[in-house]
Amino acid sequence: MEISFLNELNNNQRQAVEYTDGASLVIAGAGSGKTRVLTYKIAYLLKTGMQPSSILALTFTNKAAREMKERIASMVGEKTARYLWMGTFHSIFSRILRSEAELIGYSKNFTIYDSADSKSLVKSIVKELKLDDKVYKHGFVQSRISYAKNNLITPDAYLANTEILKADVSSRIPLLKDIYKIYAHRCKQADAMDFDDLLLQTNVLFRNHPEILQKYQHRFGFVLVDEYQDTNFAQYLIVKKLAEQHEKICVVGDDAQSIYSFRGANIDNILTFKNAYKNAQIFKLEQNYRSTQTIVNAANSLIDKNSQQIRKTVFSEKETGKPIKILNVFTDYEEGFIVANNISDLHSVNDYQYQDIAILYRTNSQSRVMEEALRKQSIPYRIYGGLSFYQRKEIKDVIAYCRLVCNPNDEEALKRIINYPTRGIGETTINKLIECAQLHAVSAWEVLTDILKYNLAVNAGTANKLAQFRSMIDVFAEQINIQSAYDLAKSIIKTSGVISDTYTDRSPESMSRQENVEELLKAIHEFCETEKTDGEPTALLPDFLSEVSLLTDQDTDKETNKDKVTLMTVHAAKGLEFKVVFIVGMEEELFPSPFCTQSERELEEERRLFYVAITRAEELCFISYAKSRFKNGKTNFSNPSRFIKDIDPQYLELPVEIIPKQKNIGDWDEDMEFERNRFKSSFSKPILKENILPQTPKRLVKLSNSDNNKVPIENSSVPSGSFVKHAVFGIGKVLETSIVNGNEKADIDFGEKGVKSLLLKFAKLEILK
DNA sequence: GTAAGAAAAATTTTT
DNA sequence: TTTTTCTTAC
């Protein structure tokens with residue numbers, strides 16, 4: 001069959017698309033057209049007669065699913081595309097779980113606990129068990145529970161696993177097993193699933209109900225998985241089971257971009273795909289269509305330092321391009337200033353649009369300084385991540401009301417709003433209530449329905465307040481199937497008193513809270529409208545909740561078309577591309593994150609993360625690091641990230657080390673303060689001109705041996721092997737000296753402070769005997 | 001039981 | 001710096 005769009009693919013891509021006889025793995029290097037292969041493959045399946053409703057395509061983010069769906073729609077028509085089963089693991093399987101919920105002891109309207117809910121539940125369990133929350137830290141407990149669930153270890157399996165129990169004992173957290181057990185029990189009692197449950201319970205469903213598994217095996221004639229390197233065991237098994245009969249499965253991924261192991265992702269899933277699917281075909285996509293040769297080569301030289309990987313040769317046939325420019329600055333404020341300056345120039349001189357530019361960082365907290373700098377130069381920007389719309393307090397409060405109305409057993413929602421706005425139900429009462437509920441093995445709400453029966457020890461006044469609260473929720477609950485989601489939400493906000501609490505004053509904070517609540521109502525209204533066109537009479541509140549709980553703020557983004565600089569974490573940038581990328585904060589203790597330097601495995605993941613960052617860039621890439629950074633209320637000194645040294649220097653444009661005039665070490669702090677204040681208060685026009693744009697290397701210090709400007713010297717004033725003292729870096733050993741563009745330069749190992757390349761005319765060195 | 005103010009703690013990545 | 005927890009006075 002001749003299908004014209006196949007001609008738009010290269011040979012390897014086309015083979016991957018056309019192979020539909022059995023299982024296949026597509027190893028897709030960065031920028032090699034991975035999404036293209038997936039979309040074309042789905043279009044191909046449709047063109048060759050497959051029904052859209054029998055194709056299951058699993059992605060990592062809602063956004064990826066939506067974009068792919070749009071692209072397929074443009075190829076085969078919206079009418080066909082809309083019936084595809086396409087979405088994230090979590091959204092697809094929450095949908096399936098809802099329709100089968102009763103089989104595994106949940107109701108159709110089960111709540112989805114987000115991580116804040118999980119956190120709060122973990123905290124209260126630790127408190128109830130009277131454990132030390134410094135030993136059983138909520139974050140740690142949460143990640144252990146999550147780890148167990150991702151590996152399909154149920155609480156009972158956990159109790160039965162001597163190995164895990166022993167490990168917990170030796171880590172001095174022997175009671176983790178109890179916390180997990182209670183946690184799972186409380187979720188069940190609240191008719192709630194956390195994110196991990198959506199995958200775990202799907203597995204439980206398939207295991208305990210073979211007929212259901214069969215139904216879906218039959219339904220899905222072809223299964224496709226994007227970003228396969230980021231799947232965990234629970235996801236692996238779901239996919240494996242669904243594809244068991246026909247092995248019509250295609251997974252796409254890049255082991256070099258596996259960056260989610262902290263969330264249970266297991267890189268072995270992709271590395272050992274052949275073991276799971278014996279007759280699997282493997283296709284490799286190695287031509288990068290995104291980036292210049294320099295960027296591709298630099299990224300290759302970096303990832304080459306990892307031992308765990310599927311070797312591949314990613315190459316680019318685009319132009320050579322400019323070297324990656326390294327920017328070094330004194331402070332985080334200066335970093336923001338320099339980056340903003342560069343962006344400003346790229347925009348006005350080089351005709352880049354703001355939307356072509358991204359600033360990527362390791363942690364969300366780094367966005368603030370960048371934001372400030374961009375604002376000062378009136379550069380429009382857009383931040384992804386951080387506090388998303390649905391995580392704001394006022395929104396969570398409203399949603400909690402909605403959740404409780406739809407599912408009164410939802411304990412976390414109840415705790416959140418039982419005394420918001422304040423109605424005289426304090427901490428003691430809430431604790432009594434929950435304790436009492438546990439005693440009788442019922443939900444907290446159940447106790448509220450009959451306070452006398454459960455012997456809740458409260459005085460008459462409190463009992464009255466509780467009854468009032470209960471009847472208010474009851475009244476709303478009666479409306480669930482009568483009023484539309486919008487009408488009900490509106491009356492909830494009004495009657496509950498949330499609105500009067502929000503509208504008390506005219507402070508900017510209060511105004512913004514009001515706006516957010518309005519915004520939420522608008523979103524619910526919109527939801528009702530779109531559902532209407534789908535033929536349903538009215539969209540109900542539970543329908544909205546099931547949609548909303550899996551949304552992130554990238555999904556609520558409405559102004560994608562605006563010309564703005566993008567700010568996001570490297571994690572969030574996966575799958576995206578920009579003409580110009582700034583990777584900021586490339587420092588030790590930040591990138592790699594200090595939490596990830598314990599094992600080689602973790603370190604390799606951080607390196608992959610850096611690889612992801614670099615390969616987002618199409619034309620220009622900048623990497624910056626600061627000598628000092630404001631962190632947790634303190635200024636910390638930092639060294640350049642070890643990863644910068646992992647890149648072959650021939651692809652880099654390195655800065656001249658900027659060393660202040662000879663000073664005592666004590667003066668350094670003053671100097672820092674000076675720099676900080678200068679950049680904080682008034683942004684005068686650029687001071688460090690050489691930080692502006694990658695130009696043909698002129699006045700640059702090159703670390704590379706291939707540098708032909710470099711002439712080794714015999715009789716240097718600081719011979720190799722001798723020891724010198726530097727005002728800032730302290731004592732170091734001279735490794736090599738040379739003449740670079742007429743200036744005498746020395747590479748000196750300062751131990752902890754790292755190896756520095758210093759020009760002798762700038763660096764006042766004291767030679768030690 | 002509430003609210004304000006002080007002290008202490010915690011800082012990664014996210015469906 | 002921001003967020004959470006503890007203290008104290010009503």
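Here is how names work: the chains are called A, B, and so on, in the same order as the sequence lines, proteins then strands, and each is numbered from 1. Quick note: numbers below take in every heavy atom, side chains included, and nothing from hydrogens, waters or symmetry partners.
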- Have a look at A:Phe89 and say if it touches a base, only the backbone sugar-phosphate, or nothing, with a 4.0 Å heavy-atom cut-off. nothing
- Let me have DNA chain B in dot-bracket notation, would you? Count Watson-Crick plus G-U wobble pairs, both distances under 3.5 Å, and use [ ] for pairs crossing earlier ones and | for inter-strand partners. ||||||||||.....
- Any Lys/Arg nitrogen of A:Lys631 or A:Glu589 sitting under 4.0 Å from an Asp/Glu carboxylate oxygen of the other? no
- Donor-acceptor pair under 3.5 Å, A:Asn632 side chain vs B:dT11 base: yes
- Task: Please state how far atom OH in A:Tyr236 lies from atom C1' in B:dT15, giving the value in whole angstrom units.
- Result: 22 Å
- Task: Whole angstrom is fine here: how far is it from CZ in A:Phe60 over to C1' in B:dT13?
- Result: 10 Å
- Item | Close side-chain approach of A:Glu227 to A:Thr59, heavy-atom, < 4.5 Å | no
- Task: Return the value, rounded to whole Å, for the distance between atom NZ of A:Lys631 and atom P of B:dT12.
- Result: 10 Å
- Note on the structure: A:Lys63 atom NZ is separated from B:dT14 atom P, nearest whole Å, by 13 Å
- Report which part of the nucleic acid A:Ser593 touches: base, sugar-phosphate, or nothing (heavy-atom distance under 4.0 Å, all strands). base
- B:dT15 phosphate, OP1 or OP2, under 4.0 Å from A:Asn232 side-chain N/O: no
- Quick one: do A:Glu372 and A:Lys376 make a salt bridge, cutoff under 4.0 Å? yes
- Task: Nearest-nucleotide wise, let me know which of A:Ser115 and A:Thr422 is further upstream toward the 5' end of DNA chain B.
- Result: A:Thr422
- B:dT15 P sits how many Å from A:Tyr390 OH, rounded? 14 Å
- Query: What's the closest nucleotide to the A:Arg362 side chain, out of B:dT13, B:dT11, B:dT15?
  - Reply: B:dT13
- Partner of A:Asp646 by salt bridge (charged side-chain N to carboxylate O under 4.0 Å, His left out), out of A:Arg607, A:Arg608, A:Lys305: A:Arg607
- Query: Can you say whether the rings of A:Tyr106 and A:Phe110 are parallel (under 30°), tilted (30 to 60°) or perpendicular (over 60°)?
  - Reply: perpendicular
- Around atom CZ of A:Phe262, are there more than 12 heavy atoms of other residues, nucleotides or ligands at under 6.0 Å? yes
- Message: Classify A:Ser91 by what it touches in the nucleic acid, base, sugar-phosphate, or nothing, heavy-atom distance under 4.0 Å.
- Response: nothing
- Which residues, if any, of residues 126-142 of chain A bring a heavy atom under 4.0 Å of DNA chain B? none
- Task: Specify whether A:Phe527 and A:Phe544 have parallel, tilted or perpendicular ring planes, treating 30° as the upper limit for parallel and 60° as the lower limit for perpendicular.
- Result: perpendicular
- Any donor-acceptor pair under 3.5 Å joining the side chain of A:Arg368 to the base of C:dT1? no
- What's the NZ-P distance between A:Lys574 and B:dT15, to the nearest Å? 10 Å
- Report yes if a side-chain nitrogen or oxygen of A:Asn364 is closer than 4.0 Å to either non-bridging phosphate oxygen (OP1 or OP2) of B:dT14; otherwise report no. yes
- Pair A:Phe60 + A:Tyr260: ring centers closer than 6.0 Å: yes
- Message: Salt bridge check, A:Lys396 against A:Asp114: does any charged N sit closer than 4.0 Å to a carboxylate O?
- Response: yes
- Task: Look at all strands and tell whether A:Leu199 reaches a base, only sugar-phosphate, or nothing, counting heavy atoms closer than 4.0 Å.
- Result: nothing
- Indicate whether A:Phe262 forms a stack on B:dT13; treat it as stacked only if centroid distance is below 5.5 angstrom and interplanar angle below 30 degrees. yes
- B:dT13 and C:dT4, which share atom name C1', separated by this distance in whole Å: 22 Å
- Task: Provide, to the nearest angstrom, the distance between the CG atom belonging to A:Asp332 and the C1' atom belonging to C:dT1.
- Result: 12 Å
- Task: Answer yes or no: is there a side-chain heavy-atom contact under 4.5 Å between A:Ile399 and A:Arg403?
- Result: yes
- Would you indicate what A:Asn419 reaches in the nucleic acid, counting non-hydrogen atoms under 4.0 angstrom: base, sugar-phosphate, or nothing? sugar-phosphate
- Task: Would you mind classifying the nucleic acid contact of A:Lys123 as base, sugar-phosphate or nothing, using non-hydrogen atoms under 4.0 angstrom?
- Result: sugar-phosphate
- Message: Tell me the interatomic distance from A:Phe595, atom CZ, to B:dT14, atom P, rounded to whole angstroms.
- Response: 15 Å
- Item | Validation row, ring centre A:Tyr384 to ring centre A:His571 under 6.0 Å | no
- Provide the distance between the two C1' atoms, one in C:dT5 and one in B:dT12, to the nearest whole Å. 23 Å
